[in-house]
Amino acid sequence: MKEHKSTLIESNGHLVDGANEFIVENGSDLKCKTKLHFYLNGTSVEINNPDPDTTLLQYVRSVGLTGTKLGCAEGGCGACTVMISSYDKSSDKITHCSVNACLAPLCSVDGKHVITIEGIGNVENPHPVQERIALLHGSQCGFCTPGIAMSLYSLLRNNPNPSEKEIEECFDGNLCRCTGYRPILDAAKSFANPSKDYETSENLGCGRADCCKLKNVENDVALDLKFPQIKFKKYDVTQELIFPPSLMKYILEPLYFSGRKSKWFRPVNLNQLLYLKSKYPYAKLVSGNTEVGIETKFKKLRYNVQIFVGDIPELKTCEFKDDGLLIGANVSLSKFQEILQDALGHYELHQTQIFKSLLENLRWFAGNQIRNVATPAGNIVTGSPISDLNPIFLSSKTLFSLSSLEPSSMVATNRVISSESFWTGYRQNCCEETEILEKIFIPCSKQGQYNRAYKQAKRRDDDIAIVNAGLSVLLDDNNQVKEAAFAFGGMSWVTVRAPESEHYVLGKKWGDQNVLKGLLEKLCEEFRMKFSTPGGMATYRKSLVVGFMYKFWYDVSKSANIIVDDCDENFVGIIERNISKSVQIVGQAEKDKTIVGKQIPHASAMKQVTGEAMYTDDIPKIQGELYGALVLSQKAHAKILGIDATEALAQPGVKGFFSAKDVPGSNIWGPVSHDEEVFASEEVNCVGK
Ligand SMILES: NC(=O)C1=CN([C@@H]2O[C@H](COP(=O)(O)OP(=O)(O)OC[C@H]3O[C@@H](n4cnc5c(N)ncnc54)[C@H](O)[C@@H]3O)[C@@H](O)[C@H]2O)C=CC1
Ligand SMILES: O=c1[nH]c(=O)c2nc[nH]c2[nH]1
């Protein structure tokens with residue numbers, strides 16, 4: 001990767017390539033559009049100067065599409081899943097992505113087609129996805145159900161013939177806390193092509209002659225066999241909502257919106273971005289918004305100027321160079337996965353170690369909805385100490401290319417910095433205010449190099465790491481260590497290397513058990529973590545570091561054909577979760593009975609799965625509506641000596657305060673025995689009462 005300089009001023013004195021479109025500061029004279037245009041469930045929508053702080057979820061719910069739910073608000077539960085389709089002119093391809101509407105800025109959907117649960121079907125005419133989830137008991141309280149349906153729908157739009165594995169994986173960003181995944185997966189797998197998961201004929205099916213998994217069985221016939229009591233609609237991909245033809249002619253133009261608290265720029269090429277960043281050095285770049293969205297919502301950070309970088313083609317490029325992969329810093333993580341997968345076929349086997357580590361790691365990076373929008377740049381620049389990607393970048397000496405524009409000379413400059421010197425402190429890096437991360441160069445591994453990534457989180461899918469690692473060694477022909485780079489996340493304020501352990505192992509023989517012992521001891525010395533360390537679990541985190549190295553030792557030994565004593569296969573690789581299997585045994589339907597022995601979907605199922613079911617939060621607001629909040633005990637056990645609400649009542653907008661003495665009738669209630677107070681009267685006996 002070479003550093004370069006270029007000027008944004010042409011010989012005739014004009015700015016090149018559209019940079020001048022942002023020259024006027026207040027927006028009134030800008031050549032950019034101030035109207036947002038997109039499609040929502042097949043209908044064109046235009047909004048003049050939308051507020052940059054509005055999320056897509058707030059918008060769709062505000063126009064009555066309340067099937068999309070607000071759950072965690074941080075991209076973790078999937079209740080807000082919608083599908084966003086976009087058309088790429090250069091490849092003439094339409095892509096469909098499941099996305100968390102709770103984090104997606106409304107302003108980011110310009111030129112795209114947003115489909116919510118209401119857009120795919122309704123109670124009278126449900127989409128097959130909705131119908132099968134409802135009829136196969138895939139909803140109980142139904143709150144997560146629209147999001148689950150939209151994840152499956154998005155998968156089918158990209159891949160109408162998925163395998164069972166692909167179906168299970170499409171739900172890695174959806175949580176359900178009451179129905180249970182068994183009936184959801186049963187319904188979803190009714191869309192699967194089983195032959196994709198079972199490669200040999202011995203594995204085809206459960207042994208029954210009429211097993212639904214037998215090859216050559218037509219999909220709908222198979223369904224009848226598996227669920228004989230239920231008649232489903234056939235899934236016909238040709239009946240899907242089309243991508244609006246007018247959006248295929250859409251011209252990408254710069255946008256400018258000015259809201260109550262912030263301004264939003266959308267440059268459409270790199271020059272425009274560099275120009276804007278030089279003009280507004282303090283501006284926040286927004287890409288997938290999966291980190292910035294958390295900062296503004298939960299950490300209450302304010303960014304008065306936001307520059308959206310999600311529609312800049314130069315930041316989404318990919319080149320297979322002789323010695324590595326050069327990618328635009330803002331490719332989505334899903335696209336990054338595709339690129340890495342292609343790289344495995346493009347390069348020689350020994351060159352692909354780092355690409356494989358990244359692929360392994362991306363499997364466990366959040367859920368699909370996040371990976372469809374989040375970017376490597378977002379992860380690198382955030383510099384979270386438990387970033388999933390940064391340990392691998394650090395262990396592989398990945399290079400970052402930073403670009404900026406010097407405003408007085410209008411010269412664009414670029415410098416290349418190694419990941420080894422990029423992060424400087426807790427969520428800090430060496431980017432200057434006017435710099436942007438443009439490209440990332442991931443080197444090919446060398447002959448004899450081994451790179452692995454490990455992650456331990458509280459659960460495998462959709463969770464942030466407790467500790468993670470990117471480990472690399474280069475062995476010579478005698479298996480002596482020529483180079484070592486051990487990077488760990490979750491062990492300090494930033495992703496860190498273990499220089500003493502790396503130094504210890506240099507020149508030593510991989511596979512020699514004394515070396516392993518010494519290496520593990522060195523790691524323990526190097527990561528002395530105080531019991532009081534932020535994040536806690538000091539002993540556990542240290543043991544994870546040692547455990548990862550132990551695993552790496554055997555993993556590399558196996559790959560390098562080094563015979564080691566005590567090599568337990570369980571130390572190598574990860575424990576794979578097989579495709580889940582389930583069976584529901586339903587009693588024989590009794591002829592003279594209408595209910596007993598029959599699988600009867602509950603009465604709200606179809607309403608829930610179509611988003612038509614109304615929850616409290618979905619009820620339209622009424623004029624003068626008031627809100628209530630509970631005042632809870634902060635003491636575990638205390639006598640209530642008195643309640644003074646004067647200060648609360650003095651707050652603007654507060655209309656009243658109510659306690660036990662205001663309850664009309666009895667203050668005692670309970671589901672079976674009436675032994676609880678509605679409001680505590682004399683004593684509290686737990687925090688939160
Ligand atoms: N909410 C969630 O559940 C999860 C969030 N994440 C977060 O997702 C992030 C991934 O990316 P995005 O959503 O795309 O990030 P983002 O749009 O939220 O931006 C994150 C940071 O990266 C900066 N940035 C983005 N592109 C840049 C560029 N080209 N040059 C310089 N700075 C740039 C932004 O200014 C911001 O400081 C990670 O940082 C990670 O922490 C990851 C997994 C789960
Ligand atoms: O690298 C990351 N991986 C994650 O899973 C995650 N969740 C929040 N922030 C995150 N960063």
Side-chain angles (χ1 to χ4, degrees), residues 71-78 80 99-100 102-105 108 172-173 175 267 270 273-274 276-277 280-299 301 303 305-312 314-316 327-336 358 361-393 400-404 422 427-440 453 455-466 468 470 489-490 495:
C72 69
E74 59 177 28
C77 75
C80 65
V99 163
N100 293 122
C102 70
L103 289 176
S108 69
D172 67 356
L175 299 181
L270 185 61
L273 169 62
L274 294 183
L276 278 170
K277 196 66 174 121
Y280 303 99
Y282 52 87
K284 192 70 178 166
L285 301 195
V286 175
S287 184
N289 201 46
T290 65
E291 181 69 31
V292 176
I294 307 289
E295 290 171 358
T296 50
K297 284 182 191 198
F298 296 102
K299 301 184 186 167
L301 299 184
Y303 300 118
V305 179
Q306 300 174 33
I307 305 177
F308 179 59
V309 298
D311 288 329
I312 298 182
E314 293 97 319
L315 298 181
K316 297 185 168 202
I327 58 158
N330 290 98
V331 293
S332 69
L333 295 179
S334 309
K335 183 71 193 164
F336 190 28
L358 286 164
N361 205 291
L362 284 163
R363 276 175 78 185
W364 314 117
F365 189 118
N368 273 291
Q369 296 93 321
I370 292 284
R371 291 195 299 274
N372 283 337
V373 293
T375 61
N379 206 244
I380 293 164
V381 174
T382 298
S384 156
I386 30 177
S387 147
D388 281 332
L389 299 178
N390 296 344
I392 309 175
F393 290 142
F400 302 140
S401 158
L402 307 175
S403 297
S404 61
F422 186 76
R427 291 176 175 250
Q428 281 172 358
N429 58 56
C430 65
C431 266
E432 299 292 335
E433 269 198 323
T434 53
E435 275 179 329
I436 65 116
L437 177 56
E438 186 189 334
K439 288 204 172 9
I440 302 165
K455 170 174 179 175
Q456 182 67 50
K458 292 192 194 75
R459 60 170 187 234
R460 178 57 62 78
D461 292 274
D462 198 10
D463 200 0
I464 195 151
I466 298 168
N468 50 19
T495 309

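Order of appearance sets the numbers: ligands from 1, and atoms from 1 within every ligand.
- The ligand atoms of ligand 1 that sit less than 4.0 angstrom from a heavy atom of Glu291 are 7 (C), 18 (O), 20 (C), 39 (O), 40 (C), 41 (O).
- Only side-chain heavy atoms of Asn330 come within less than 4.0 Å of ligand 1; its backbone N, CA, C and O stay farther off.
- Shown in contact with Ala366 at under 4.0 Å from a heavy atom are these atoms of ligand 1, numbered in order with element: 43 (C), 44 (C).
- If you look at Thr290 next to ligand 2, there are no close heavy atoms at all, none under 4.0 Å.
- Nearest non-hydrogen protein atom to atom 8 (C) of ligand 2 is Ile464 CD1, 3.4 Å.
- For ligand 1 and Gly75, the ligand atoms under 4.0 Å from any heavy atom of the residue are 3 (O).
- At least one N or O atom of Asn289 sits closer than 3.5 Å to an N or O atom of ligand 1.
- Ligand 2 places these atoms under 4.0 Å from at least one heavy atom of Lys455: 5 (O).
- What sits closest to atom 5 (O) of ligand 2 on the protein, heavy atoms only, is Asp388 OD2, 3.3 Å.
- For ligand 2, one of its N or O atoms has an N or O atom of Asn379 under 3.5 Å away.
- The contact set between ligand 1 and Val292, taken as ligand atoms under 4.0 Å from a residue heavy atom, comprises 16 (P), 18 (O), 19 (O), 36 (C).
- Of all the atoms in ligand 2, the ones that sit under 4.0 Å from a non-hydrogen atom of Phe365 are 1 (O), 2 (C), 3 (N).
- Short contacts between ligand 1 and Lys284, defined as distances under 4.0 Å to a heavy atom of the residue, involve ligand atoms 35 (O), 36 (C), 37 (O).
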